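Just below is one structure, and these are the notes that go with it.
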2 protein chains.
Amino acid sequence: MKDVAAEAGVSAMTVSRVVNGGAAVAPRTAARVVAAVRKLGYQRDDVARQLRRTHELSQIIGLLVDDVADPFMAAVASAAEDVARQRGSVMLIGSSRADLSREREVVAAFTARRVDGLILVPAAGSHRFLRPAQAQGTKIVCVDRAAPGLNVDAVVVDNFGAVREAVRRLAARGHRRIGYVGDTPRIRTFGERRRGYLAALAAAGLPADPALIGDGLRSGPQAAAAVTGMLALPDPPTALLAGNEILAFGALAVLPAGHAFVAFDDFALADRLTPPVTVIAQDPVALATRAAHLLFARIHGDVAPPRTVVMPTRLIERGSGELPGPFA
Amino acid sequence: MKDVAAEAGVSAMTVSRVVNGGAAVAPRTAARVVAAVRKLGYQRDDVARQLRRTHELSQIIGLLVDDVADPFMAAVASAAEDVARQRGSVMLIGSSRADLSREREVVAAFTARRVDGLILVPAAGSHRFLRPAQAQGTKIVCVDRAAPGLNVDAVVVDNFGAVREAVRRLAARGHRRIGYVGDTPRIRTFGERRRGYLAALAAAGLPADPALIGDGLRSGPQAAAAVTGMLALPDPPTALLAGNEILAFGALAVLPAGHAFVAFDDFALADRLTPPVTVIAQDPVALATRAAHLLFARIHGDVAPPRTVVMPTRLIERGSGELPGPFA
DNA sequence: CTGAAAGCGCTAACAC
DNA sequence: GTGTTAGCGCTTTCAG
């Protein structure tokens with residue numbers, strides 16, 4: 001910047017004014033500065049700028065997900081980045097791999113860079129550790145699930161209700177042995193889905209058989225193994241619900257074609273399988289967009305009490321979930 | 001930091017030494033500082049730190065992809081962030097939507113934050129604009145395709161050879177009308193795939209019929225429409241190659257089950273379709289991991305001439321690509 | 001082992 | 001319209 005000022009024969013302050021626009025600078029002076037900037041390939045140093053403007057925004061937000069490679073999270077990331085860009089911010093991204101200590105590390109690295117806000121898909125466990133960051137002004141919004149011990153905005157879906165309804169329909173179609181494969185119930189989202197499953201069984205007067213419940217599954221192969229185990233039982237399930245997309249892929253790898261099946265999350269090609277797969281669809285783009293807008297509202301001074309926004313899900317009946325059970 | 005120093009009854013310098021470790025500080029003093037840090041919830045301000053250490057690294061890298069929601073790019077992002085974390089860096093992410101001017105904007109926002117390096121999936125068009133950033137010390141590595149006008153490391157696959165071989169096999173199986181749906185050939189990756197297709201046709205003595213080539217397709221529905229058009233021709237194709245995953249999904253939505261089909265990029269459930277889908281698989285995680293390691297090597301002083309790493313692809317024959325043509 | 005002074009690149013606040 | 005001064009929060013350098 002000093003070099004540019006020298007080159008243009010002005011002070012650093014004038015360069016600053018030209019580079020940032022807005023302030024009144026004589027057109028001829030401005031032109032000289034612009035020429036010098038171009039000649040020297042100067043670019044404003046936002047790090048230094050931010051230091052001086054400590055109470056202004058950094059125009060950086062952070063996004064923390066389980067794993068960006070997960071299609072649901074990828075859609076969330078894409079939509080969040082889109083909003084950030086529209087709002088003139090850049091976005092840091094991190095994957096917690098559902099590990100709270102890793103999440104902590106990444107969040108610390110983010111806040112040290114003075115992010116204006118954080119969009120969080122929280123791992124299991126207490127999020128008290130975020131209090132200092134909050135106190136220091138960092139805004140936080142949760143997506144997909146609320147964070148235990150943290151009173152902030154959250155954008156979620158009614159996991160409990162959606163699964164309960166799906167399982168109710170399976171039972172109504174004559175299934176009495178309904179299996180469930182899910183990730184750890186310690187993660188709120190999956191805990192709710194599991195509760196929805198159990199509630200529907202209870203409402204239908206069906207017993208909850210532990211042998212038909214796969215918990216804590218974290219990958220396709222794990223889900224496949226769990227399903228294979230269930231199918232080998234003396235009285236195997238006649239219908240199955242997969243708690244998320246990854247587990248659905250695993251289950252589909254081993255499930256016979258005629259087996260009733262419902263998956264949480266819609267996915268590509270679901271309608272091209274035989275039979276086409278019935279899913280509980282949520283809209284990750286809508287979720288993330290909503291969350292990002294909430295975050296920016298907070299960043300720009302919205303101080304209303306934290307709210308939880310519940311977005312709709314949609315049961316898309318394509319065939320696999322409508323196969324009749326033995327008691328139809 | 002001043003507050004912490006006051007609380008602990010030491011100077012700011014001592015706080016700095018304790019917070020950053022390494023330097024020799026009396027254990028008792030250090031303990032007092034640690035207590036003060038905890039009490040006040042102090043966290044080092046990396047923005048200020050970085051300003052003073054202008055010639056040190058920012059420990060921020062930037063990743064620029066077409067769109068994170070694309071499964072291939074999502075896998076790249078996940079793998080790159082993994083390496084970044086291992087190397088103690090955080091990662092900014094941006095989507096260009098294959099638009100050069102948008103890419104430019106995002107890259108500028110990244111370099112203004114003094115990123116140490118950039119992993120780039122370059123959009124079509126000249127990347128000369130990156131020269132100043134390079135001169136200023138920002139390291140750059142391209143993934144999936146090289147950037148026109150920029151002499152930097154790149155990690156790619158042999159798109160040309162992989163498609164040529166796949167189409168050669170289709171021709172060898174008796175197909176004479178082979179269709180192709182691809183994104184714009186102005187993007188290097190897709191240009192090479194298209195050339196591979198044309199080269200295989202030529203080698204098999206087959207004419208290249210423009211009516212069987214869908215170019216510049218950017219979404220599933222666009223691919224579906226293109227394929228529908230081809231199928232309505234008086235002499236429709238008997239085999240089809242889709243240039244990427246997104247287009248494959250679109251094509252599969254309208255393609256009759258008995259139609260020969262090969263897709264570039266492996267995808268979930270490819271083996272569960274009827275017939276199972278033959279694909280040209282690349283390994284996005286390996287690509288990105290390699291690229292990230294290359295980037296960090298550059299950041300840490302590797303000054304060897306830029307090299308292009310070609311990673312292998314694998315033709316996975318699952319059935320859809322082995323269906324015989326009318327002249328088998 | 002600890003502290004004081006200076007300055008990273010920029011801009012707020014105030015002169016002129 | 002433009003320049004000057006000071007200081008953002010930290011660390012480098014040098015002194016004790």
Side-chain angles (χ1 to χ4, degrees), chain A residues 1-34 36-37 40-60 108-109 111-116 132-133 136-138, chain B residues 1-34 36-37 40-60 108-109 111-116 132-133 136-138:
Chain A
M1 176 154 164
K2 252 189 306 194
D3 299 343
V4 173
E7 175 78 25
V10 297
S11 76
M13 200 51 230
T14 301
V15 175
S16 172
R17 285 194 262 255
V18 172
V19 167
N20 295 302
V25 177
R28 290 178 42 93
T29 321
R32 280 213 317 284
V33 172
V34 169
V37 164
L40 303 182
Y42 168 80
Q43 186 183 12
R44 184 181 69 197
D45 184 330
D46 280 21
V47 173
R49 178 170 212 250
Q50 231 236 254
L51 179 60
R52 188 60 182 83
R53 309 177 13 140
T54 299
H55 295 290
E56 305 292 311
L57 299 176
S58 64
Q59 316 234 77
I60 309 181
T111 54
R113 264 114 186 159
R114 293 193 190 171
V115 292
D116 297 327
Q136 185 237 333
T138 310
Chain B
M1 175 154 165
K2 250 188 305 195
D3 300 342
V4 173
E7 175 78 25
V10 296
S11 78
M13 201 47 233
T14 301
V15 176
S16 172
R17 284 194 262 256
V18 172
V19 167
N20 295 302
V25 176
R28 291 176 42 91
T29 321
R32 282 213 317 283
V33 172
V34 169
V37 165
L40 303 182
Y42 168 79
Q43 185 183 16
R44 185 181 69 197
D45 185 329
D46 280 20
V47 173
R49 178 168 211 250
Q50 227 232 274
L51 180 58
R52 189 60 181 82
R53 311 179 12 143
T54 299
H55 295 290
E56 305 292 310
L57 298 176
S58 63
Q59 315 234 79
I60 308 180
T111 54
R113 262 109 187 166
R114 294 193 190 171
V115 292
D116 298 327
Q136 185 236 332
T138 310

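Since the model is a prediction, treat every value here as computed from it, not as a measurement. The chains referred to below are lettered A, B, ... by the order of the sequence lines, with proteins before strands, and numbering in each begins at 1.
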Each nucleotide of nucleotides 6-16 of chain C classed B (base within 4.0 Å of a protein heavy atom), S (only sugar-phosphate) or -, in 5' to 3' order, makes BBBBBBB----
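Listed by chain and residue number, A:Gln43 satisfy the side chain to side chain donor-acceptor pair (under 3.5 Å) test with B:Thr111 (two or more places apart in sequence, or in another chain).
Looking at heavy atoms from C-beta onward, A:Arg49 lies in side-chain contact with A:Asn20 at the 4.5 angstrom threshold.
Listed for the B:Arg114 side chain is a donor-acceptor partner under 3.5 Å among the backbone atoms of B:Gln50.
Shown here for A:Arg32 and A:Val10, the closest heavy-atom pair between the two residues is NH2-CG1, 3.6 Å.
Atom CD of residue A:Gln136 and atom OH of residue B:Tyr42 lie 11.0 Å apart, to the nearest 0.5 angstrom. Interatomic distance, A:Ser16 OG to A:Arg52 CZ, rounded to the nearest 0.5 Å: 11.0 Å. In this structure, B:Ile60 CD1 and A:Arg113 CZ are separated by 5.0 Å, a value rounded to the nearest 0.5 Å. The structure places CG of B:Leu40 at 13.0 Å from CE of B:Met1, a figure rounded to the nearest 0.5 Å.
Applying the 4.0 Å criterion to OP1 and OP2 of C:dT2, one finds that B:Thr29 has a side-chain N or O inside that range.
When DNA chain D is scanned in the 5' to 3' direction for atoms under 4.0 Å from non-hydrogen atoms of chain B, the outermost contacting nucleotides are D:dG9 to D:dT12.
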